[in-house]
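Report on one structure; see the data block that follows.
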Amino acid sequence: MSTHIKNGAHFAKTVLMPGDPLRAKFIAENYLVEYEEVSSVRGILAFTGKTKTGQEISIMASGMGVPSIGIYSYELYKEYGVENIIRIGTCGAYQPECKVGDVILVTSASSNSSFGSQFDIRGGSISPCSDFHLLLKAYEHAKKLDIPVHVGPIYSSDIFYDQDPNFYKKWADLGVLGVEMESYGLFLNAMRLKKKALCILTVSDSFVSKEELTQEERQTKLNKMFELALTMVD
């Protein structure tokens with residue numbers, strides 16, 4: 001019995017998970033065929049359909065932040081038979097080589113979130129990662145599609161408007177590629193439930209160059225990431 005997703009909703013084994021419900025709707029309308037809306041509980045839209053090459057796939061929004069994706073990814077994995085969740089979202093770049101519009105394949109997520117404290121690892125720090133096979137598959141598919149990608153770690157933050165505008169430099173100095181708000185929770189749920197997860201990001205703004213996508217572009221100009229993610233279903 002799910003609390004936050006329509007009971008009995010049908011999901012494919014692989015779910016693409018953007019944060020924004022309208023982004024999920026946009027992907028379904030423009031990239032899927034024979035799709036239907038399968039859940040809209042609390043305004044979080046979910047769709048199941050087929051790719052244009054005939055593979056079944058689902059798209060569902062996660063909302064913003066670790067707690068939100070923590071809820072939805074847990075229920076998808078636990079109650080709906082989902083095996084693979086691929087977060088597709090935007091991030092702010094910490095490194096100068098990561099330009100606005102570039103695609104990042106995430107290897108691991110650091111965080112200031114307390115989400116990992118539930119595992120009581122006695123003061124240790126857990127560093128959740130993408131599934132290697134999904135990561136390798138995405139990297140190989142990106143090469144075939146001629147989509148340049150950056151591969152590396154990101155920072156999942158609970159804070160969007162940080163009191164210290166230069167705090168990002170601490171992570172940048174450690175080689176972290178950028179910041180977003182969800183991957184840490186997704187990766188930990190995949191670990192605990194023995195499932196698979198991956199995160200593919202588009203750089204929407206740069207802490208280095210101060211460039212950024214417009215609000216409209218954040219809805220519609222993420223095509224390379226969408227096209228790559230849709231190749232991840234067998």
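Note that these values count all heavy atoms, side chains included, but never hydrogens, waters or copies made by symmetry.
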### Path from Val179 to Val208 over hydrophobic side-chain contacts below 4.5 Å
no

### Query
Crowded around Tyr139 OH? As in, over 12 foreign heavy atoms under 6.0 Å?
no

### Query
Can Leu76 and Met60 be said to form a side-chain contact (heavy atoms from CB on, under 4.5 Å), step by step?
CA-CA 10 Å; Leu76 287 173; Met60 180 175 175; 3.9 Å; yes

### Task
Taking all non-hydrogen atoms of both residues into account, name the closest pair between Val100 and Glu211 and its distance.
CG2-O, 3.6 Å

### Heavy atoms from other residues, nucleotides or ligands near CZ of Arg192 exceed 12 (cutoff 6.0 Å)
yes

### Query
Looking at Phe187 and Ala197, what are the two nearest heavy atoms and their distance?
CD2-CB, 3.9 Å

### Message
For a 4.5 angstrom cut-off between non-hydrogen side-chain atoms, does Ile88 reach Leu222?
### Response
no

### Message
Does the plane of the ring in Phe226 sit parallel, tilted or perpendicular to the ring in Phe26? Use 30° and 60° as the thresholds.
### Response
tilted

### Query
Glu29 versus Phe47: any side-chain heavy-atom pair under 4.5 Å?
no

### Message
Treating Asp102 as the side-chain partner and Pro148 as the backbone partner, does any N or O pair qualify as donor plus acceptor under 3.5 Å?
### Response
no

### Task
Specify the closest pair of heavy atoms between Ala138 and Leu198, including all atoms of both residues, with the distance to one decimal.
CB-CD2, 3.8 Å

### Task
Output, in order, the C-alpha distance, side-chain angles, deciding distance and verdict of side-chain contact (heavy atoms from CB on, under 4.5 Å) for Tyr184 and Ser110.
CA-CA 7 Å; Tyr184 185 74; Ser110 300; over 6 Å; no

### Message
Under 3.5 Å, is there a donor on one side chain and an acceptor on the other for His10 and Thr48?
### Response
no

### Query
Taking atom CZ of Arg42 and atom NE2 of His4, what is their separation to the nearest 0.5 Å?
4.5 Å

#### Entry: Heavy-atom side-chain contact between Lys99 and Val203 under 4.5 Å
no

#### Entry: Nearest heavy-atom neighbours spanning Leu45 and Ser40
CD2-CB, 3.8 Å

### Query
Do the side chains of Ile71 and Glu75 get nearer than 4.5 Å, heavy atoms only?
yes

### Message
I'd like to know whether Val106 forms a side-chain contact (heavy atoms from CB on, under 4.5 Å) with Arg87, so could you lay out the CA-CA distance, the side-chain angles of the two residues, the decisive distance to 0.1 Å, and finally the verdict.
### Response
CA-CA 10 Å; Val106 174; Arg87 164 162 156 68; over 6 Å; no

### Message
Return the NZ to CZ distance between Lys6 and Phe11, rounded to the nearest 0.5 Å.
### Response
10.5 Å

### Query
Between Ser108 and Cys129, is there a donor-acceptor pair closer than 3.5 Å when you use the side chain of the first and the backbone of the second?
no

### Task
State, to 0.1 Å, how close Ser58 and Ala12 come at their nearest heavy-atom pair, and which atoms those are.
OG-N, 2.9 Å

### Query
Val66, Ile159: one ILVMFWY side-chain cluster at the under-4.5 Å cut-off?
no

### Query
Is the closest side-chain donor-acceptor distance between Ser156 and Glu180 under 3.5 Å?
yes

### Query
Would one find more than 12 heavy atoms of other residues, nucleotides or ligands at under 6.0 Å from atom NZ of Lys50?
no

### Flag, side chain of Gln95 to backbone of Ala172, donor-acceptor distance under 3.5 Å
yes

#### Entry: ILVMFWY network linking Leu136 to Met232, side-chain heavy atoms under 4.5 angstrom
no

### Query
Okay, side chain of Ser204, backbone of Leu213: is any donor-acceptor separation there less than 3.5 Å?
no

### Task
Look at Lys195 together with Glu83 and state whether they make a salt bridge at an N to O cut-off of under 4.0 Å.
yes

## Note on the structure
dist Ser157:OG -> Asp162:CG (nearest 0.5 Å) comes out at 6.5 Å

### Query
Does any non-hydrogen side-chain atom of Ile154 lie less than 4.5 Å from one of Ser183?
yes

### Query
Stepwise, does the side-chain hydrogen bond (donor to acceptor under 3.5 Å, both in side chains) test hold for Tyr72 with Asn189?
CA-CA 10 Å; Tyr72 291 112; Asn189 274 346; over 6 Å; no

### Task
For residues Tyr80 and Val15, determine if any side-chain heavy atom of one lies less than 4.5 Å from a side-chain heavy atom of the other.
no

### Task
Please confirm whether the backbone N or O of Lys196 pairs with a side-chain atom of Tyr77, one donor and one acceptor, at under 3.5 Å?
yes

### Side chain proximity check, Leu16 to Ile59, heavy atoms < 4.5 angstrom
yes

### Query
Taking atom NZ of Lys144 as the centre, does the number of heavy atoms from other residues, nucleotides or ligands within less than 6.0 Å exceed 12?
no

### Task
With sequence neighbours left out, write down each residue that passes ring pair (Phe, Tyr, Trp, His ring centres under 6.0 Å) with Phe207, or none if nothing qualifies.
Tyr94, Tyr168

### Message
So for atom CG, which belongs to Asn30, do other residues, nucleotides or ligands contribute more than 12 heavy atoms lying within a distance under 6.0 Å?
### Response
yes

### Query
What's the verdict on side-chain contact (heavy atoms from CB on, under 4.5 Å) for Lys224 and Thr202, showing C-alpha distance, side-chain angles and the deciding distance?
CA-CA 9 Å; Lys224 291 186 291 185; Thr202 297; over 6 Å; no

### Query
Considering all heavy atoms of both residues, which atom of Asp158 and which atom of Ser113 are nearest to each other, and what is their separation?
OD2-CA, 3.4 Å

#### Entry: Side chain to side chain, Ile85 and Ile69, heavy atoms closer than 4.5 Å
no

### Query
Going by the angle between their ring planes, with limits at 30° and 60°, are Trp171 and Tyr155 parallel, tilted or perpendicular?
parallel

